[in-house]
2 protein chains.
Amino acid sequence: MGMDERKFRILQAIIDDYILTAVPVGSRTISKKYDMGLSSATIRNEMSDLEELGYLDQPHVSAGRIPSAKAYRLYVDQLLQLGTIRSDSEEAVRAFFGGRVRQMEEVIDRAAQVLSSLTHYTAVVLSPSGPKLHIRNIQLVSTSPETALVVIVTDGGVVRDSVVRVPAGIDPDTLYDISRSLTEAVAGCTLEEACERMPILIARMGENAAVLQSVNSLMGEARDAGPQSHVSVGGASNMLAYPEYSDTEKARNFLSLLETRDRLASIVAQQGEMAFTVRIGPETGVPEMSECSIVTATYSTRTGRQGTIGVIGPTRMQYSRVLSILGTMGEQLSEIFGSGGSPTERK
Amino acid sequence: MGMDERKFRILQAIIDDYILTAVPVGSRTISKKYDMGLSSATIRNEMSDLEELGYLDQPHVSAGRIPSAKAYRLYVDQLLQLGTIRSDSEEAVRAFFGGRVRQMEEVIDRAAQVLSSLTHYTAVVLSPSGPKLHIRNIQLVSTSPETALVVIVTDGGVVRDSVVRVPAGIDPDTLYDISRSLTEAVAGCTLEEACERMPILIARMGENAAVLQSVNSLMGEARDAGPQSHVSVGGASNMLAYPEYSDTEKARNFLSLLETRDRLASIVAQQGEMAFTVRIGPETGVPEMSECSIVTATYSTRTGRQGTIGVIGPTRMQYSRVLSILGTMGEQLSEIFGSGGSPTERK
DNA sequence: GTTAGCACTCTCGGTCGTTGAGTGCTAACC
DNA sequence: GGTTAGCACTCAACGACCGAGAGTGCTAAC
């Protein structure tokens, strides 16, 4: 017993219907709503076969069938292969980004909002992270008589800015001089290398060593923090609208997972080179998400760093719609971050 | 029929019990669990009076009573008057802030997390906002051959940093010179005044006018953005644990309110001079929150700007606990932001 | 003023048919 | 041999019903 053309068409119809209604679908429904020119009895036989093949599950004897994870997998593989992702949502995405936005974090937050409101699922956007960063510039900016702002610029944008104490009443020009020699000393280094060199510089500096000391500890933090990425979530409440989450306990677990950003980031972060990733149910590897699917795409910045955008929804997600929207959103973000001198990348 | 001492004690007992159990409390429960030396019948009579006075509600005839908003109001007024807020949570709060944190937003996010996990309710933290900002320093930092980072420092900290295009290959020292003359020209001004002066400066500048133009539009944005505060929410999922929100529809409305940050901020933002604000049920003025209470406190920064921290929970909230925790958290934040040269304020 | 007693009310949780959707199987049909 | 009509069977969902229990209000006695 193989998987012939007809079985596939029936399976497709079942998935489509279930995605729409979230109700187990019976043989009569298929034969009536989707005119296949077959009676319910025939469909029934085929469905029985499909169940045996592992594509359908049956909640109980006298309910209809629901698609299994395996079925969804087949479905999206088909979708991805065909490359049939129409970008009918392009304009909607564009419209949302209407106003110029500047700050990296604003863009990320916005993207999460847009994604969730277009898909009606929960969206997660990760800020770009990438290979080791090389220092390009270090600058001290006076903020008050006793404090200064340290800005470390790398080829990935601004990595770290923070306030440090400086000797009271220090001259802004002196700060600039320190910045210059500092920049000369460590430009082109990675953060690691720079941290190693700092002790030598500090020793050589003399009177303003204290300032460098502060800068040093800051660089240490930046190095240890690693690819410390910003995570933005949108439309968490959307999930509650689906019957899958009418059980409060489940909803709670899901939401609290969304709140532990570190864990969430590591779950969503997409590995590999593919344009899209689809993980269905158990494939997510997260117990709390065994009834969810995660679809992700990537975008990239002009400096070659990569970010991830993702949508989390019930396994009966509207995959083709979501893939399409993620596609345009990815392009859009790449465009925004790619164009010469726009948003600040930070952290 | 007045509100005598005994009635008050009984009301207190009812409130305490209901806060704990969320179940309508009956006369027998009170006479047994809280030994008042009175029989259930007497309690019953008093309860009947309390209901007439508007302090108790009755879901239906043969259920116990639940406290009304008016009762909670009396209760917390008592609490606030007595000033009996013990800071037994001080150490817990301190412990959570163990590691030094630097960035303003990190502190805010952290505070929201800590608040929610200590109270088991939902926490909202608003970044400080305050009176008009005066410019202290403007600096251009080279980030790539064609781009530079603009940092505008005000007496409230760093307000705005963003990347602008600059003529290709411009010398870092030239950038510094521009920064210097710019700073000289507008230091001490408010953002509004600075925006007005810019056209003159641009005209005078000559060859690098384009750079100033970019800075100008950036200042315009900063001015228009206003007190654009950062809002951080923690423990949104906590609310789902309470029977009040076992209805998914309610939970959804609540969560989606939390997601519209602008609206949320305007709801939570505390007006007035008081140390604490407690709004109970309908007092919140938000339909979605007619079954919630909002408790807020303030903290302040060294520059005199004020931020708000708040906890949102069911009306049967553990007010005294929450007030205590909010109190210590407020002090703690004031300390962190007050101490000389710590976290960057931004936005 | 307090308390015991009692009738009354109303929710909650369980049981029990009934209903209807859906299946699987068999036998007839093309 | 595949397709279809028919039929018996299963089982969740729904509503009605009922008893238990919690709680009240009222009255009368202390």
Side-chain angles (χ1 to χ4, degrees), chain A residues 1-11 13-15 17-18 20-68 71 243-244 246-247, chain B residues 1-11 13-15 17-18 20-68 71 243-244 246-247:
Chain A
M1 172 184 60
M3 176 74 173
D4 58 16
E5 164 66 16
R6 196 174 69 178
K7 278 193 180 51
F8 188 80
R9 263 178 49 230
I10 293 175
L11 183 57
I14 293 173
I15 296 177
D17 201 78
Y18 188 69
L20 225 65
T21 64
V23 165
V25 15
S27 54
R28 239 178 93 79
T29 316
I30 297 297
S31 87
K32 276 177 73 181
K33 253 169 69 177
Y34 306 78
D35 51 336
M36 321 220 118
L38 293 172
S39 78
S40 68
T42 313
I43 307 275
R44 214 140 57 220
N45 291 330
E46 295 288 43
M47 280 164 89
S48 178
D49 290 355
L50 283 168
E51 182 172 358
E52 209 171 321
L53 287 167
Y55 291 108
L56 293 178
D57 289 331
Q58 204 168 13
H60 54 266
V61 209
S62 89
R65 289 350 198 258
I66 62 176
S68 68
E244 283 86 344
S246 57
D247 176 12
Chain B
M1 173 184 60
M3 176 72 171
D4 58 16
E5 164 66 16
R6 195 174 70 178
K7 277 193 180 51
F8 188 80
R9 264 178 46 230
I10 293 175
L11 183 58
I14 294 173
I15 295 177
D17 202 79
Y18 188 69
L20 225 65
T21 63
V23 164
V25 17
S27 54
R28 238 177 94 79
T29 315
I30 296 298
S31 88
K32 276 177 71 181
K33 252 169 68 176
Y34 306 78
D35 51 337
M36 322 218 117
L38 293 172
S39 78
S40 67
T42 313
I43 307 277
R44 214 138 59 218
N45 290 330
E46 295 288 42
M47 278 165 88
S48 178
D49 290 355
L50 283 168
E51 182 171 358
E52 209 171 321
L53 287 167
Y55 290 108
L56 293 179
D57 290 331
Q58 204 168 13
H60 56 263
V61 210
S62 89
R65 263 54 172 225
I66 63 176
S68 69
E244 282 86 344
S246 58
D247 175 12

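Proteins come first, then strands; the chains are lettered A, B, ... in the order of their sequence lines, and each starts at number 1. All of these numbers come straight from a predicted model, not from anything done at the bench.
Taking side-chain N and O atoms only, S39(B) has no distance below 4.0 Å to OP1 or OP2 of dT2(C). A sub-4.0 Å separation between OP1 or OP2 of dT24(D) and a side-chain N or O of R65(B) is present. S62(B) has no side-chain polar atom (N or O) that falls below the 4.0 Å cut-off from OP1 or OP2 of dC10(C). Using a 4.0 Å cut-off, some side-chain N or O of R6(B) falls inside it from OP1 or OP2 of dT2(C).
In this structure, D4(A) places its CG atom 11 Å from P of dG2(D), rounding to the nearest Å. Rounded to whole Å, the distance from CD1 on I30(B) to P on dT24(D) is 10 Å. The CG-C1' distance, from N45(A) to dT3(D), rounds to 9 Å in whole Å. Atom C1' of nucleotide dT24(D) and atom CZ of R28(B) are separated by 13 Å, given to the nearest angstrom. In this entry the distance linking CE of M47(A) with P of dC25(C) reads 15 Å, nearest Å. For E51(A) and dT23(C), the CD to C1' distance is 10 Å, given to the nearest whole Å. Here dA21(C) presents its P atom at 10 Å from NZ of K32(A), a figure rounded to the nearest Å. We find that CD of E46(A) is positioned 16 Å from C1' of dT23(C), with the value rounded to whole Å.
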Show the numbers, then the answer: is there a side chain to side chain contact (heavy atoms under 4.5 Å, CB included) between L38(B) and R9(B)? CA-CA 12 Å; L38(B) 293 172; R9(B) 264 178 46 230; over 6 Å; no

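Residues V23(A) and A41(A) each lie close to DNA chain C; by heavy-atom proximity, the contact nearer the 5' end of the strand is made by V23(A). For the pair H60(B) and L38(B), nearest-nucleotide mapping onto DNA chain C gives the more 5' position to L38(B).
Using Watson-Crick or G-U wobble geometry with both donor-acceptor distances under 3.5 Å, dT10(D) finds its partner in dA21(C). dT27(D): Watson-Crick or G-U partner is dA4(C), with both key distances under 3.5 Å.
The side-chain heavy atoms of Y34(A) and D17(A), taken from C-beta on, include a pair separated by under 4.5 Å. Considering only heavy atoms from C-beta on, V25(B) stays 4.5 Å or farther from K33(B) through its side chain. The shortest distance between side-chain heavy atoms of L50(B) and M3(B) falls below 4.5 Å.
With hydrogens and angles disregarded, no donor-acceptor distance shorter than 3.5 Å links the side chain of S27(B) to the backbone of I43(B).
Residue S27(B) is in sugar-phosphate contact alone, with no base atom involved, counting any heavy-atom pair closer than 4.0 Å across all strands shown.
In the interface, the side chain of R44(A) is not paired with the base of dG2(D) through any donor and acceptor atom under 3.5 Å apart.
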